[in-house]
Amino acid sequence: MKKNKKGDKNPGRYIVLLEKGDISSLKKVEKEFSVSITSSEDLSKEKRSFNILSGKDSIFYKNLNMVVMEDIEPDLLNKSLVDSNSPVVFYEKDRTFTPVSELELVKSIRSLSAAMQEKLLELEEIIRQKAEKPKPVVEMEWGLKAIGLDRTQFTGRGIDICILDTGFDARHSDFSNRTVEGKSFVPGEAWDEDIHGHGTHCAGVAAGNKRLDTEKRYGIAPEAGLKIAKVLSANGTGTTSSIVDAIDWAITKKYRVISLSLGSPVKLNERPSLIFERAGETALENNCLVIAAAGNDSSRPSMPKPVSCPANSKSIMSVAAIDEQLRIARFSNGGINAADGGEVNVCAPGVNVLSCYPAIKNNYTLLSGTSMATPHVSGLAALYMEAFPELTARQIWQLIEENAIPLDGLSYRDIGNGLIQAI
Amino acid sequence: MSYTYLGTLKKGITYDKDLQSYLENNNMKVVKHLKSLNVLVIQSEEEITTEDHPFFEALEKDRKDFSI
């Protein structure tokens, strides 16, 4: 039998279990511990167990093979445990057992049950409150859902986005509670009027919120600062000088994002403009990210065309367009001239995109183009900048690319790092 | 015929009175100096190149074909 022990270092009364309860074993125990053992069979009214133990003798309980010994050194017991000739296989110090008070037990249960009742009431209240105030489900346009905007807690707060376009309808009711600033770089045309409508639409996607009538959300960074630079005339055209002038102005104003939903087609193997390269690079050095539309010159799948100017500059982020089925838009330009820049960096929703439109043109409309994909990225950049205020514009660009997801069947040439995703 | 150019000044070159005089003497009128970019918007009566005026890193004609 394997020997075990349980006890302490103080002398006292011990219960000792023997391997066998024969005479030889009892004799050995008497010798080892210098005790005299009385069998429990010999106990009587006159010879009670406590009389024996108080006399420092031991009692042997034959049926249990146990000896109760008084005033024994635990060291001796330990020694006998490791001695293979000793009959002792286990010992344990005598314990004091006290009767459980039923009354105390009932009190204790009652106390615990009261505490439990209290916790249950708290839990009930929390569940009730949750049920009374369900999290509002915000309906969103398909493009916002595609970029995971329903997951984000960021709104672009504290980040200024500058839209370089056809101006902005400052009287639009969706922006009645917003402060919008701007400047016109088109002689004779005001920045806060948008006869064309394209600029208002782009501004709505980047920094709008939701429709007043249906509450459906179409804007990405509703708390961003919205800045307008009118660089395209009412007929939707513009010049390098007005665009570069506006970029210079936006950098001076320390705006963080410049959104260019515009472009000029380039030929095969045409090199990027050094003027725009300087503009993009200077913006990045000033912690400002310039984002531009890849262009709409393609007729896919047979005729993809190269990324337009200025999106083809290495220092300007280039955006392609996809549709609701996450396919490349048939018009979206690709990285055909990628050797000198001219590649696509990311893609974003750009087909049947709903946004605000000038009041005189029915307030809202669906438009398609890389022009619509671009403000998705611009609004998203504002969210990233809010989320990571310590990062530079260059790092934000990198992070947006890293978080973009590739799309099945679409190549890097057409969608760059993939579909942008909210942070 | 008049041309509008955008001229990117080389790093270290600043637009000052000397440069202004030089440009005027060569029939170039500075319409605007974009300070943060160090770019000049210039009107010239004739076509100009960086070879003729090497303080420009690049000279590009103002494109008028940007659109939505």
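Keep in mind it's a predicted model, so treat the numbers as computed, not measured. Chain naming here is simple, since letters A, B, ... match the order of the sequence lines and numbering starts at 1 in each.
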Please round to the nearest 0.5 Å and tell me the distance separating atom [atom1] of [X] and atom [atom2] of [Y].
X: Glu277(A); Y: Glu57(B); atom1: CD; atom2: CD; value: 9.5 Å
X: Leu274(A); Y: Thr8(B); atom1: CG; atom2: OG1; value: 6.5 Å
X: Ser36(B); Y: Lys253(A); atom1: OG; atom2: NZ; value: 13.0 Å
X: His201(A); Y: Ile68(B); atom1: NE2; atom2: CD1; value: 11.0 Å

**Q.** Tyr22(B): ring pair (Phe, Tyr, Trp, His ring centres under 6.0 Å) partners, not counting sequence neighbours
**A.** His53(B), Phe55(B)
Q: Sort Lys32(B) into side chain, backbone, both or neither according to what part of it lies under 4.5 angstrom from a heavy atom of chain A.
A: side chain
(Q) If you take the centroid of each ring, where Trp contributes its six-membered ring, are Phe66(B) and Phe185(A) closer together than 6.0 Å? (A)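 No, the ring of Phe185(A) stays outside the 6.0 Å limit from the ring of Phe66(B), centre to centre.
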Which atoms of [X] come close to chain B, meaning under 4.5 Å heavy atom to heavy atom: side chain ones, backbone ones, both, or neither?
X: Thr166(A); value: side chain
X: Leu232(A); value: side chain
X: Cys202(A); value: neither

Q) Taking the side chain as C-beta and beyond, is there a heavy-atom pair between Lys35(B) and Thr252(A) under 4.5 Å? A) no
Q.
So does Ser273(A) get a backbone contact from the side chain of Glu60(B), meaning a donor-acceptor N/O pair under 3.5 Å?
A.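 No: the side chain of Glu60(B) does not pair with the backbone of Ser273(A).
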**Q.** Partner chain B: residue of His198(A), Glu281(A), Glu285(A) with the largest heavy-atom pair count (under 4.5 Å)
**A.** His198(A)
Would you tabulate the side-chain donor-acceptor contacts of residues 260-269 of chain A under 3.5 Å, counting partners in other chains and residues two or more places apart, or write 'none'?
unit_1	atom_1	unit_2	atom_2	d
Ser261(A)	OG	Ser371(A)	O	2.7
Ser264(A)	OG	Arg63(B)	NE	3.3
Ser264(A)	OG	Arg63(B)	NH2	2.6
Ser264(A)	OG	Asp65(B)	OD1	2.8
Ser264(A)	OG	Asp65(B)	OD2	2.9

Q: Please say whether more than 12 non-hydrogen atoms of neighbouring residues, nucleotides or ligands are located less than 6.0 Å from NZ in Lys61(B).
A: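 Yes - once you tally the heavy atoms of other residues, nucleotides and ligands closer than 6.0 Å, there are more than 12.
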Q: Please report the shortest heavy-atom distance between Leu37(B) and Arg278(A), naming the atom on each side.
A: O-NH1, 2.9 Å
Q: Enumerate by number any residue of residues 235-251 of chain A whose heavy atoms lie under 4.5 Å from heavy atoms of chain B; in the absence of such residues, state 'none'.
A: Gly236(A), Thr237(A), Gly238(A), Thr239(A), Thr240(A), Ser241(A), Ile243(A), Val244(A), Asp245(A), Asp248(A), Ile251(A)
**Q.** Residues from residues 352-369 of chain A approaching chain B under 4.5 Å (heavy atoms)
**A.** none
